[in-house]
Structures are given as C-alpha cells and as structure tokens.
Protein chains: 4
Amino acid sequence: MAIRTLVWGENVHEQKNKVVADIYPEGMHTQIAKLLSKDSNIVARTATLQEPEHGCSVEALANTDVLVWWGHAAHGQVADDIVERVAERVWQGMGLIVLHSGHFSKIFKRVMGSPCALHWREAGERERLWVVNPGHPIARGLPAYFELENEEMYGEPFSVPEPLETVFVSWFQGGEVFRSGLTYRRGAGNVFYFRPGHETYPTYHDDRVGLVLRNAVNWAYNPESHPELLDAPNTPVDEAIEKIEERGPKLHHGREEGFR
Amino acid sequence: MAIRTLVWGENVHEQKNKVVADIYPEGMHTQIAKLLSKDSNIVARTATLQEPEHGCSVEALANTDVLVWWGHAAHGQVADDIVERVAERVWQGMGLIVLHSGHFSKIFKRVMGSPCALHWREAGERERLWVVNPGHPIARGLPAYFELENEEMYGEPFSVPEPLETVFVSWFQGGEVFRSGLTYRRGAGNVFYFRPGHETYPTYHDDRVGLVLRNAVNWAYNPESHPELLDAPNTPVDEAIEKIEERGPKLHHGREEGFR
Amino acid sequence: MAIRTLVWGENVHEQKNKVVADIYPEGMHTQIAKLLSKDSNIVARTATLQEPEHGCSVEALANTDVLVWWGHAAHGQVADDIVERVAERVWQGMGLIVLHSGHFSKIFKRVMGSPCALHWREAGERERLWVVNPGHPIARGLPAYFELENEEMYGEPFSVPEPLETVFVSWFQGGEVFRSGLTYRRGAGNVFYFRPGHETYPTYHDDRVGLVLRNAVNWAYNPESHPELLDAPNTPVDEAIEKIEERGPKLHHGREEGFR
Amino acid sequence: MAIRTLVWGENVHEQKNKVVADIYPEGMHTQIAKLLSKDSNIVARTATLQEPEHGCSVEALANTDVLVWWGHAAHGQVADDIVERVAERVWQGMGLIVLHSGHFSKIFKRVMGSPCALHWREAGERERLWVVNPGHPIARGLPAYFELENEEMYGEPFSVPEPLETVFVSWFQGGEVFRSGLTYRRGAGNVFYFRPGHETYPTYHDDRVGLVLRNAVNWAYNPESHPELLDAPNTPVDEAIEKIEERGPKLHHGREEGFR
C-alpha cells in the first residue's frame, strides 16, 4: 500500500526571489514531491503556508502517513494551533521529515524540546555528506559519501537532543562539521532531520538527496495509529489485572479523571 | 562548591487536603529540601506556585544550579512565560529533576516534546523499584531494589522519548511495570525523571528516595553555562576558519541575521 | 523478495528431556520456524548444534538474511570459529535475533561486549510483557500487554549495553521486572533480544510470541551487505578528496597496510 | 579521594623509532600520565606491554579506578587472558579510556562487540575537533573547537556501536570527518574513546588534549564495584519476594546453578 506523503513548503522565496524561482519554478515543495514520486511506493501531495490552515487541515493530516517540512523565512507565520495539531499526529504515528532551515520551524522545536540552534554561513561552499551508519535504512543504496558543490554551511553545536542514531555527518570547505542526518521517535512517530536544502542552490535536483528522502519516507512510515499515547486513563482498582485491595488515603474517587 | 538547588512545590494539596497536610505539614517542597540537605554538597531552597513569578524570577533561576519540580493539580496555573524561562535556563545548563505527577507539568512536556502520558491507579499498592543500571551515578549506594509499600501506580506506555539511559524500572502489585528513572540532556541541561511521590503517601520521608534525589542533584549539576546554545550566529565568509571564496547566489547579505 | 531466515536450535533438551520432547516433538527450532513461516515474506530453514559446522557453514550464512538463535545447555559446545564467523556476518548486515537463554550464548556475548548476566527462577510463574514502545515495528499489531501463564523468571539487572530502544518490559508474579525486548545495531547488522522461551513451557506455540518474532525478522532484515565495515584501508595522500600535501614524520610508507 | 589511574602504553615505537623517541623520550604513557597529573584529583601510574602480565596483574587492576589505553603496533602481543581480566574489571566498574590507534586494541574490540574499523591516512594534516555536546562533562572548559595542526586522519564509517553520546566530531583537511569522542557503558564501567594521538606528532603535549583526558578520567570514575553483574544467580522459589507457588515441569532442581 502506498505511503501517503505530504510535502509542506513555505513557498515564500519562490515567489519573491528570482534566483529561487529560477531553480524551483513550480516551488520547492513540488520539486521535492517529484523526487519522492520516483518511488512507486510513495504517493506525494503538496501543501503550502498560503493555503487555508496551511494545507494541514484535520482531514489532510488524517490522510497523511509521512509529512515532509521545508520552511525558512516564515516560521513565525505558521499558526500555533496548526503546529499543535501536527505534533499530535506525529505522536499518534505520522512520520515527520524536517529539512534544512526547518531546524527552526515551530514543529521541529516543538517535538525536540530544545533550541535547535546552530552556526551558519551562506557562501556556496562545498558540503560532503559522509554515511556514518551504512546499515541504517535511510543510507541504503548510497556511496560512502556524496558532495553538494554549493551549499549553505551549518556548524556545530546543533542544540538538539542526542538522536536515536546519527546517519550522516557533513564536512564543510570552510572548516566546520555537522550531524546532517538524525533520527528520533516521538510518541509513535518517527522523526528524521536532514540538513541540505538551501533555496538558492539546486539541492533538490540532486538524486542522492532524492534517494535519502525516499529512504527516509519509507523508514518513517508507520502503518499503525496510536491515539492512546495521548491519554492518561485511570485504571480502576476493581479492574486491576492482578487482584489488589485498595489501601491508604486517596485524592481521587472511583473512575475520576486525573489532573492535566 | 555547593550545588544551589531550588525545590519547586505546587503547594496546593498541602493547603486543602488534611491527609497531605498531615504527612507534609511544612509542604512537600520543604520535606524534599530536607532530604536534599543531608548532602553537605547541596544547598536547597524552596519556591512555590503562589509566590510572585512562582518563585522562578530571572534572578532566582540565575542562582539555581539544579531545579527539582513537583506539581500535580495546578499544572495549568503555571504561567507560560515562566515555563519558557525555565526551559531556557535548562538549555543553558541548569539541571532539572521532575518528580512523579510532574510528568504532566508544562516544563516537562516542553523539554520532552512528547505527550508524557501514562496509565494510573490510586490504590496504595506496593511499588518495587529495581535498579537496572547499577553503574549509573544516580543508583549509587542503593540495594538491588527497594520497596514503597503504598504508592500510586503508573503504567506503561509512558509516552516520553527513549532516554539516554534507563536507571530504574518499577514493579506494581496490580500487574503493571513502569520505567521509573530516566535520564535526558536538553541543550547543556541534564534532565532526570523520577516516578515515586504521590502526595497521600509518605514517599518523601523514605531515605532511599532521598538518596536517589541527592544522587540525581549531583549528577545533574553542570558548573558551566552555555547561553550560546540558544543563538544561531552568521559566520561571515571572511572569517571562515579555512579560507574560502564566496560562490553562487545569496539570500542574506554580509553579517545579516538569519530567520527564526 | 523473501527474507531468508535460519532458525538455529541447540536441540539438546528435546532429545533428552521428555517434557521438552512432548512440547516440541520436532524440536524447538522447527516450531519457531513454523511460527515464522506464517509470514509469506519469510522463508525459514533450520540448523542445529549437531550438524557439521553447527549448520553455519560459510555458504549457509551467505544465504541467510536473518539468524534466529536459541541455545541453553550447550553454549560451550559451539565452536569459537563458528561464533566469529557468525559475528562477521552480523557486522556485514545479517540480522540476529537472540532468544531467552541465548542471553548467555557465545554469539550474543560476543556482539554485546558485556556479561549479559541476570537473575533467574524456574517456577512456572506468570509473565506479563508490556509494550513500552508501541510505535516500534517489532510491537506492530500487539495489544498493550500479553501474558504467558508459565514462564521462567529473568530479573534485573540484565548486564547488557543500553539498547537503541527498549520495546518490552516484563512483570513477573514473584516480584521482578525485566527489559524483555531490546534492539541494537552492530556494524550493519540489526540485533534483537527477546526474553521468553523456556523449553519446559509451550511459549513457542503462542501466537503473540510468533507475531513478535515475525515482526522482529522483518525489522532486522537488511537487503544490503557491508563487508567494508571490517576493513581499515589506507587512503593514500595523493588520492585525498581535498588536495593536501604530506607533512611531518611518518611511520607508514606509501600504500602500506595498518597494524591490527 | 584521588582517582587511581593507570596509563597503559604499548611502548614499542618509542624504543624503535627516532621520531617517536624524540617527541616522547620517556614514553607516551609517561607523558600522558603527566597530563593527567595536572589534576590534583588524579593519581596516575603507568604500565607497559613489556612488564610481567603487561603491568595488568590482578592486584594492579584491583587498585585501578580508571585505565587509559594506548596501543598500536603490538595489539596482537597482548595476552588474551589479560584482555579478559581487564574486561571483567571494566564490567565491575573500572573506567576505560581508549586512545587513537587503540580502536583496534583487543580490549576495545572486546567491549564494543563490533569491528571498530575506519579509514586512515598518515599525512600530518590538520584536524579540527568540534565540541558537538558542550554540556557533557568531558567537554568542560573547552572552546567551541580546537585544532591539531598535524595528525593522522581517521575517516568514517567508524564501525562501533551507536554511543550513549557523541562529544566530539573531527574535521580533516583532506575532506573526511570522524566521531572523535564517544561514550559507552559496559556493565558498571564507563568507556570513552578519544581519537587523537598518533605517535609521530606531539599530540600528548597539547593541553586541550590534556584537558579532555582529565575530564574523561573524572567522568569515567565510578567509586563503586559491581562484581554481581557477572553472576547469574538462581533465586529459589521459596525466597521469591512475592509469595508464589512452583508450577509446571522443571529442568533445574532446587538451588542448582544455571548453564553458561
């Protein structure tokens, strides 16, 4: 069964900046969706900031298995309630792939619980991504390393939580390194951060980048939904699995709900 | 040098519920601070919800190395800007120890980025905490396991991120298990969640619990501060460590700041 | 494409102990293979201690994607060179699923690098496995918990490395807990330890156990092989990716091999 | 109380190679011990391959809190039983710090359970170590990065298990990256791998390297010993914590020992 993938693009610089528009005439989101569609297992749709509810209606998210997120200039314009809605879907099992400047998106910071800051430089320098974890599904089919001749530099420290696994580490011409591919799970949702993708360079026309993204969508896909991970039910004493007797003083009574 | 520890207590049930007031006549926070003060390396102060800024003024936090947090009924009354202030201090290096029902506190959910939900039952049943990681500093001096004859049950799944390390796992009389001691790092701040501590039982009069808390404060202490982990500086091309030349098109100019 | 799975059974108690022979008349390995074969994506063969090279010839391993290992009384009879051969295949990408008393098998201790010890009791007591990580592929399709009415008890501390993820935690009637499902990666090989499976109980006739094993085989499967992870090649200076000049004194000359 | 630290040096190239002897006239182990002794909390002794039992007698190890290991040309000459003895002390709680070419030492491979391979080049090129985890105790007091003007290159993939935490990542002039500081726990023993230290360069005369090593010794120190982590005791039914009755068939009788 196909993996229903939603590629979210901020779609701002494509409309305002000639350089970006020339590289991505149909928008970055459309080009990323094209990269994903080369995998017959993936059905990719797009959504943008400008759509009602940023294209992230309850229904749209309910029909999304994996969400891919690219944003940069307009993080602050994404409505907080939509961010919370997306986070809840992630916790229930929707995959989330955050790209490049999305490190500062509200949704990434929301599920990381940390600043997600880094050093940066926009100089079109060479980036070389090394596969440090060749057995990881996201690295499947890749060579030992691959290069992007022109990219923005991101430098450590990247203030994110220690990942489940580090998949890629980048070398930059100007002397920096960066952990470029990091995996997490939040609730039942798989989360992957992938570094490259500055809008003034043709990164999403690179097929090694495409392969990483296709691998990541397949890895992040969870066919199950776990809404129960958001609940905190009271298990009544008389329904305890092992028979016990109630003892001692109490705050709550019977089947009362807890405090939140 | 002493570890400046701030014990934050919600201080609600101690004022309203006779059972709780009888066990903790000076408040839970005061009793927790007493447990900590048995370590000559720790200087423990207290703060409560009812104080101005909940006792978490900028100055108070600047003078805190480790913050211990107990809350339950009044999570919703903690002001959002104070939560954000606490989170920023954690990221800079302040330790954070979250107790029991604090799993649903705003600050814990903020730094976990996940629902932090669980199953529960208030039946005064037996809890047995097993040390699964005897080499961890937080388990120092403890026996293989210890029991709390009356505790509230918390059951899995506990929807938190996979921890750096699992230190304790609890067995409950009614048939459940729970990962009771979990470590994390967020930015430069060490975070420890410790399960026991329901307000209607004398858990914070137990000295094994006290030992865990003293160990945890020592483990969480970071003498350094890292405010830079919240910044995302632009490293200008002419200051690159390895000499590079600017290439290709640009969005940003010179020493401009990035988007947030 | 089918996942070529080899179920290795020690096949000792099945031949000597009437209780075990009655439960597993064709051997435990055969019954485990039957559980796996319910998944049309898995092709399961068996191998036993008594076969030449314990059924783990170079050719047999070369044709194995995932190896499932059950042993108990005869760990010491497994030849060291076969253990090393299996470890090398794991590092190259073969999955390894270690069952129950296999915690003390040479191959598990070899890839863990730790004692892998635990407490135990053979009393036919109740075990309840809780899913602590419902989003993990190995937990797919399972209820919140499942019970095995009669099992051997294993108690913490289980002296294994902190896993990538903890999937199951067991509750035992006699008061212990155990981390029952743990994931690791060694080289390019995925490793899963699963606790239940004492030979005097019908554990491998339980279909929840079967589901866990089928999920685990699918999770552990890596279609790629990475023999390069065992090599330590000298990258000659004149083949450096970025042009550099040799400087300073040297131990090695030209394309010499390193020390091992 | 002082941390009793044993610096183990292979002491081979210092005796045979003039370049190495000139940099380390008293041996690398002596120079490393000097770096450590700048911390008044550390008492550093040395041991070498050539001593009886390689200086790792039962008594010597019993009096060691943290072992620092440097070896290169003579890994194969370290006796297997000594390696096993060291591993057992690590599991009981002795810290282990493995340096540079020690990645291929028997003891490191023993406790990692993986190939520990990498790419390398001896060209005296520049290495820049970035602190990716500034809150980690091992990074305390360090700048954002530091450089070693002449070092051997080690390149990814480094086939070790995913660490508890990654502390340093190196940039190399020739285009490679390497995870240069990695933490593990094996049994009750803390393990740290630190990359720099090729014998033909004056790396152990660098005080940032010294600071890392001193921090690492303090971090690795565990005042407790946990020999029980190597045992697998039978807990008799009549001593179960929660009263249970024996049920079903058995393999073992009474207080019999288990199979190993």
Side-chain angles (χ1 to χ4, degrees), chain A residues 13 17 19 72-76 87 91 101 104 110-115 117-125 150 153 155 157 159 161-162 164 173-176 184-187 199-201 229-237 240-242 244-252 258-260, chain B residues 13 17 19 72-76 87 91 101 104 110-115 117-125 150 153 155 157 159 161-162 164 173-176 184-187 199-201 229-237 240-242 244-252 258-260:
Chain A
H13 283 129
N17 184 300
V19 168
H72 188 192
H75 294 321
W91 298 335
S101 43
F104 261 169
R110 178 69 181 90
V111 296
M112 289 294 102
S114 76
L118 46 82
H119 295 219
W120 61 279
R121 178 176 55 233
E122 192 192 24
E125 70 200 272
N150 296 104
M153 181 281 287
S159 47
E162 186 76 21
L164 286 178
Q173 204 178 350
E176 285 86 358
Y184 299 91
R185 181 172 289 130
R186 289 293 180 266
E199 60 264 53
T200 61
Y201 313 120
L229 290 178
L230 283 71
D231 296 334
N234 179 352
T235 307
V237 178
I241 308 170
E242 302 283 333
I244 54 173
E245 298 199 3
E246 198 172 304
R247 304 184 298 184
K250 300 196 65 168
L251 274 185
H252 302 276
F259 302 112
R260 290 195 85 128
Chain B
H13 284 130
N17 183 300
V19 168
H72 188 192
H75 294 321
W91 298 334
S101 42
F104 262 168
R110 178 69 180 90
V111 296
M112 289 294 103
S114 74
L118 46 79
H119 294 219
W120 61 279
R121 178 177 54 232
E122 193 192 23
E125 69 200 271
N150 295 104
M153 180 281 287
S159 47
E162 186 75 21
L164 286 178
Q173 204 178 351
E176 284 86 358
Y184 299 91
R185 182 172 287 129
R186 289 293 179 266
E199 60 263 55
T200 61
Y201 313 120
L229 291 179
L230 283 70
D231 296 336
N234 179 351
T235 306
V237 177
I241 309 171
E242 302 284 334
I244 53 174
E245 298 198 4
E246 198 172 303
R247 305 185 296 184
K250 299 195 65 168
L251 273 185
H252 302 276
F259 303 111
R260 290 196 82 130

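In what follows, chains carry the letters A, B, and so on, assigned in the order in which the sequence lines appear, proteins first and then strands, with residues in each chain numbered from 1. Small disclaimer: the values here were computed from a predicted structure and weren't measured.
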Colleague: Name the member of A/D231, A/L251, A/L164 that forms the most heavy-atom pairs with chain B at distances under 4.5 Å.
Modeller: A/L251

Colleague: Please flag which part of A/E176 lies under 4.5 Å from any non-hydrogen atom of chain B: side chain, backbone, both or neither.
Modeller: side chain

Colleague: Can you see whether A/E122 engages B/H252 through a side-chain donor-acceptor pair at a distance of less than 3.5 angstrom?
Modeller: no

Colleague: Within the 4.5 Å heavy-atom criterion, are A/V111 and A/W91 side-chain neighbours or not?
Modeller: yes

Colleague: For the candidates B/G248, B/A87, B/P233, which exhibits the highest count of non-hydrogen atom pairs separated by less than 4.5 Å from chain A?
Modeller: B/P233

Colleague: Among B/L230, B/N150, B/T235, which has the most heavy-atom pairs under 4.5 Å with chain A?
Modeller: B/T235

Colleague: With a 4.5 Å cut-off on heavy-atom pairs, point out which of B/A240, B/P157, B/P249, B/G258 contacts chain A the most.
Modeller: B/P249

Colleague: Heavy-atom cut-off 4.5 Å, strictly under: side chain, backbone, both or neither for A/V237 against chain B?
Modeller: both

Colleague: Measure B/V19 against the heavy atoms of chain A and call it side chain, backbone, both or neither at under 4.5 Å.
Modeller: side chain

Colleague: Relative to chain A, which of B/K250, B/R110, B/H75 shows the most heavy atom pairs under 4.5 Å?
Modeller: B/K250

Colleague: Minimum heavy-atom separation for B/F259 to A/A73, with atom names?
Modeller: CG-CA, 3.6 Å

Colleague: Which atoms of A/I244 are under 4.5 Å from chain B, going by heavy atoms: the side chain, the backbone, both sets, or neither?
Modeller: side chain

Colleague: Please classify the contact between A/W120 and chain B as side chain, backbone, both or neither, with a heavy-atom cut-off of under 4.5 Å.
Modeller: both

Colleague: Who wins among A/G174, A/A117, A/S159 for the most heavy-atom pairs under 4.5 Å with chain B?
Modeller: A/G174

Colleague: For chain B, which candidate among A/R121, A/H119, A/E245 shows the most heavy-atom pairs at distances under 4.5 Å?
Modeller: A/R121

Colleague: Any side-chain heavy atom of A/Q173 within less than 4.5 Å of one from B/R247?
Modeller: yes

Colleague: Indicate yes or no: at least one non-hydrogen side-chain atom of B/M112 is less than 4.5 angstrom from one of B/R186.
Modeller: yes

Colleague: Sort out for me which of B/S114, B/G175, B/A74 touches chain A most, counting heavy-atom pairs under 4.5 Å.
Modeller: B/S114

Colleague: So which of B/E162, B/H13, B/R185 has the biggest tally of heavy-atom pairs under 4.5 Å with chain A?
Modeller: B/H13

Colleague: What part of A/N17 gets closer than 4.5 Å to chain B, counting heavy atoms only: side chain, backbone, both or neither?
Modeller: side chain

Colleague: Where does A/Y184 contact chain B at under 4.5 Å (heavy atoms): side chain, backbone, both or neither?
Modeller: neither

